Amino acid sequence: MKQTENQILIIFGASGDLTKRKLIPALYDLFKQNLLPEKFAVLGASRSQLTDDEFRAKVEEFLPKDENLDSFKKMLFYQPVLTNNANDLIPLKNRLQQMSADLQIDNNFVFYLSTPPSLYEIIPRLLFENGLSKSSKFFRRLIVEKPFGTNLDSAKKLNVNLLNYFDEEQIYRIDHYLGKETVQNMLVTRFSNGIFEPLWNRNYIDRVEITSAESLGVEGRGGYYDHSGAMRDMLQNHLMQLVGFVAMEPPTIINATAIRNEIIKVFQSLRQIPENKVAKYVIRGQYTESKIRNKTVAGYREEPGVNKLSRTETFVALKFFIDNWRWAGVPFYIRTGKKLPTRVTEIVIHFKSVPHHLFDSAELSSPNNNQLIIRIQPDEGILLKFGMKTPGAGFDVQTVNMDFHYSDLANTTVPAAYERLLLDCMQGDATLYARGDAVEEAWKFVQPIINAWQTNPEIPIYGYPAGTWGPEEANNLVSDSEWRFPCKNLTDDGLYCEL
Ligand code: BG6
């Protein structure tokens, strides 16, 4: 087990939602598992004028009221801050000095930016100007929440700006998908088993499919989402990281540099979709009003904060290729959307069918017969579908399932994504964080699509009734076959299971 040095975590934007929903609960879980360093404190910082006690009361909402709560709350502190100029950070700096002295904590600081992105340009500079960004004796780290830019140019500018004040090794760009246990397990599935990797290439794989469906809509985040859309909100970051893990070459060792070097090679090999092909290879959709279980569900344009004439996509599906030795000619299909029938994220590896069909079965002639399904959430696990003889006379073949569910592991809790990622950063391990160059490469792939949508209003945005699997046109992307329509349970699928 790695050593976690004593440190203080400073959360900018501490009065926001993320702090109470994700960060503090993750820290509380780490505390209960004894994974926090011996000397540790959290200093919340934001514009709101709160006392330590008021901050503690505010973040308590999402914590279970158990016997550990009081001791945990003693680790939480709060400092109001403004961020107009360097002097505004002096009270925070003084407070840190005082806390280090009172609590005898070393001057190791992790700064977490959970603020509006406009402050990503300002706070790192103010930290630098106050001498808080660099230290030869103690570590200084900076965690940045997405979005990492809203287009390729702003992503590049953000990187340049961060690197003016912090070194790349100090910057931790959080993508919570990388914190999911099942995403990390992809590396273990691929590289610790002798049976998958020999097949993991263009010779045996027909196509790769990635679905990330959500049944929820924009849930009060209409103002943000309408300027973002599914492409920026989910695909450019979370889904591209999944592509990186599925498609990467084996790293030489498991460490941040080796893994991230392999991921960037995948991104560099993505075949860009030219603007004049976007309408063909990328399908965008927006949910419209519908009835789900006899209840009327509002359409996207009726959501608070959303423009009544909005053309923001709440669904996107695309087909693309990775131009390298391993994946030449293998289509990748990705789709993500809000207000789909169920919440599910999974990767489906469709293997090629056998070269010669011995058995007179409709099922076996389908290239879909062998599938490996890596379920990211929910009902986390792995499912292998293969053909088996139907008992009885003749040689009829049917597809059967071999499945593993994480829930079958006794006494094992799957840590929440933020829990894993926060601990990694505290220990100085950036493996599961996005590197600046990879973020830019992912933007390079996505940018021509966004440009095409902006400059060619004739590229359709298809409506789809809330609660369905997105526009019909997305089905036409997949040639000669169809998407898997997953259900909540890993082993179930079918078009209508959750409607
Ligand atoms: C966030 C997006 O990054 O990821 C949200 O901003 C989305 O719109 C969420 O709902 C999905 O995360 P998860 O872990 O629920 O799949």
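Just so we're clear, the structure is a prediction, and the values are computed from it rather than from any experiment. Both backbone and side-chain heavy atoms feed into the values below; hydrogens, waters and symmetry mates do not. In each ligand, atom 1 is the first atom listed, and ligand 1 is the first ligand listed. Throughout, residue positions are numbered sequentially from 1 according to the sequence presented.
A salt bridge links Arg484 and Glu346; the closest N-O separation between the charged side-chain nitrogens and carboxylate oxygens is under 4.0 Å. Taking a cutoff of 4.0 Å between a charged side-chain nitrogen and a carboxylate oxygen, Glu473 and Lys319 do not qualify as a salt bridge. For the pair Asp424 and Arg420, the salt-bridge criterion is met [side-chain N within less than 4.0 Å of a carboxylate O]. At a threshold of 4.0 Å, the pair Glu168-Arg173 counts as salt-bridged, since one of the basic side-chain nitrogens sits closer than that to a carboxylate oxygen.
The side-chain contact (heavy atoms from CB on, under 4.5 Å) test with Phe12 is passed by exactly one of Leu127, Thr19, Leu119: Leu127.
Contact between Tyr177 and ligand 1 is present, with at least one heavy atom of the residue lying under 4.0 Å from the ligand. For Gln377, the heavy-atom gap to ligand 1 drops under 4.0 angstrom.
A side-chain donor from one of Ser154 and Asn151 sits under 3.5 Å from a side-chain acceptor of the other.
Atoms of ligand 1 lying under 4.0 Å from any heavy atom of His176, numbered from 1 in the order shown and given with element: 1 (C), 3 (O), 4 (O), 12 (O), 13 (P), 14 (O). Those atoms of ligand 1 with a heavy atom of Lys146 less than 4.0 angstrom away are 1 (C), 2 (C), 3 (O), 6 (O). Here is the list of ligand 1 atoms found below 4.0 Å of a heavy atom in Lys338: 5 (C), 7 (C), 8 (O), 10 (O). Applying the 4.0 Å criterion to heavy atoms of Glu214 picks out, from ligand 1, the atoms 7 (C), 10 (O), 11 (C). Counting atoms of ligand 1 from 1 in the listed order, those under 4.0 Å from a heavy atom of His238 are 1 (C), 3 (O), 4 (O). Heavy-atom proximity to Lys180, at under 4.0 Å, picks out these atoms of ligand 1: 13 (P), 14 (O), 16 (O). Listed by atom number, the atoms of ligand 1 under 4.0 Å from Asp233 heavy atoms are 2 (C), 5 (C), 6 (O), 8 (O).
Within 6.0 Å of the NE2 atom in His227, the count of heavy atoms belonging to other residues, nucleotides or ligands does not exceed 12.
At the top of the distance list for atom 15 (O) of ligand 1, counting protein heavy atoms only, stands Arg343 NH2, 3.1 Å.
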